[in-house]
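Presented below is the structure to which this report refers.
All values below come from the heavy atoms of this structure, side chains included, with hydrogens, waters and symmetry mates left out.
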Amino acid sequence: MPTPDKQPHAAPTLPGTPLPYAAPTASGIKSWAEDDRPREKLMAKGRAALSDAELIAILLGSGTTRLSAVDVGMLMLQGVGNDLNALARESVKQLCRHPGIGPAKAITIVAALELGRRRKEADATPRTTITCSRDIYNLIRPNLMDLPHEEFWVILLNRANVVMRKTAISRGGVAGTVADPKMIFKEALEQLASSIILVHNHPSGNRNPSAADIQLTKKLKEAGNFLDLPILDHLIYSDQGYYSFADEGML
């Protein structure tokens with residue numbers, strides 16, 4: 001039995017909705033000018049240059065014997081009144097009613113639209129702005145509270161000092177942990193951070209920096225200045241309080 005993607009059929013139309021484009025040839029997208037192919041167009045002009053149907057076509061990867069992937073995308077959108085929110089509410093079974101859409105392609109569409117929904121949800125979540133050392137302490141406390149071993153964390157900030165991410169760089173024993181500068185700056189560069197805050201805990205409760213803590217902070221500050229990734233603070237955490245290198249004039 002032929003698959004839905006390969007089964008010959010006439011180009012479908014929705015009742016009362018004429019297709020606003022010419023019937024495609026069997027050769028499909030490969031016969032188009034390179035600038036008009038969705039993948040090539042995205043590479044050359046950026047994602048904003050693509051229509052919704054072209055973005056869907058990239059997800060689909062292929063059309064049918066009579067319809068290009070862009071045509072299939074246009075029909076999908078026509079079926080929901082060109083409303084992406086309505087498309088996001090369709091189930092895998094509902095999407096499979098569209099020509100050229102089998103379960104695998106339907107699942108790809110559902111997954112992509114769910115990622116978009118989660119991104120919108122994440123954007124709506126209030127983000128933390130760091131204004132002082134107490135903000136850092138309150139932010140990191142859930143991660144370091146009651147730990148019997150040392151951990152080294154970095155907090156990445158954007159230009160407005162809004163927290164982009166907090167990440168554990170290393171975990172060690174009771175006496176210490178190793179913080180690799182390469183890992184710290186790799187994380188910051190990959191996330192396009194504008195500045196960095198360093199944090200590590202002292203399970204003993206002693207908040208004073210060791211000679212190794214001071215030396216490491218100096219080394220990371222120099223590297224950060226060179227990379228235009230300033231170290232704004234280094235916080236030594238304990239459950240009873242903290243030591244801030246910035247507050248103490250050590251940066």
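Counting heavy atoms from C-beta on, the side chains of Ser195 and Asn161 come closer than 4.5 Å. With contacts defined as side-chain heavy-atom distances shorter than 4.5 Å, the pair Leu87/Leu77 qualifies. Side-chain contact between Leu216 and Ile214: absent, with no pair of heavy atoms (C-beta onward) separated by less than 4.5 Å. The shortest distance between side-chain heavy atoms of Trp153 and Leu198 does not fall below 4.5 Å.
Ala53 and Met74 get closest at one heavy-atom pair: CB-CG, 3.4 Å. The heavy-atom pair separating Pro230 from Ser194 by the smallest distance is CD-O, 3.3 Å. When every heavy atom of Met164 is checked against every heavy atom of Arg127, the shortest pair comes out as CA-NH2, 3.7 Å. Nearest approach of Val199 to Tyr237, heavy atoms of both residues: CG1-CB, 4.4 Å. A pairwise comparison of heavy atoms in Leu251 and Leu232 identifies CD1-O, 3.4 Å as the closest pair. Shown here for Gln94 and His98, the closest heavy-atom pair between the two residues is O-CD2, 4.0 Å.
Interatomic distance, Lys45 NZ to Leu50 CG, rounded to the nearest 0.5 Å: 9.0 Å.
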Checking Cys96 against Lys105 for the side-chain contact (heavy atoms from CB on, under 4.5 Å) test, could you report, in this order, the C-alpha distance in whole Å, the side-chain angles of both residues, the deciding distance, and whether it holds?
CA-CA 8 Å; Cys96 286; Lys105 290 182 178 180; over 6 Å; no
Check the pair Val70 / Val72 against side-chain contact (heavy atoms from CB on, under 4.5 Å), numbers first and verdict last.
CA-CA 5 Å; Val70 175; Val72 174; over 6 Å; no
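Linking Ile, Leu, Val, Met, Phe, Trp and Tyr residues whenever their side-chain heavy atoms come within less than 4.5 Å leaves Ile140 and Phe152 in two separate clusters. Under the 4.5 Å side-chain contact rule for hydrophobic residues, Ile101 and Leu55 do not share a cluster.
Between the side chain of Asn201 and the backbone N or O of Glu151, at least one donor-acceptor pair lies under 3.5 Å. Counting only distance, with no hydrogens or angles, the side chain of Tyr137 and the backbone of Leu235 share no donor-acceptor pair below 3.5 Å.
Taking a 6.0 Å sphere around CZ of Arg117, one finds it holds more than 12 heavy atoms contributed by other residues, nucleotides or ligands. Other residues, nucleotides and ligands contribute over 12 non-hydrogen atoms within 6.0 Å of the NZ atom of Lys166. By the neighbour-count criterion of 12 heavy atoms within 6.0 Å, atom CE of Met43 is sparsely surrounded, having that number or fewer from other residues, nucleotides or ligands. Heavy-atom contacts from other residues, nucleotides or ligands closer than 6.0 Å to CD of Glu114 number more than 12. Atom CG of Asp228 sits in a sparse spot, with 12 or fewer heavy atoms from other residues, nucleotides or ligands closer than 6.0 Å.
Side-chain atoms of Ser244 and Asp233 include a donor-acceptor pair closer than 3.5 Å. Side chain to side chain, His200 and Asp213 meet the donor-acceptor criterion of an N or O pair below 3.5 Å. Using a 3.5 Å distance cut-off with no hydrogens or angles, the side chains of Asp247 and Ser133 do pair a donor with an acceptor.
Aromatic rings from Tyr242 and His202 are positioned such that their centres are separated by 6.0 Å or more.
With sequence neighbours excluded, the residues that form a side-chain contact (heavy atoms from CB on, under 4.5 Å) with Glu248 are Tyr243, Met250.
Here Arg37 does not pair with Glu54 in a salt bridge; the nearest charged N to carboxylate O distance is not below 4.0 Å.
None of Ile169, Thr167, Val154 except one satisfies the side-chain contact (heavy atoms from CB on, under 4.5 Å) rule with Met183; the exception is Ile169.
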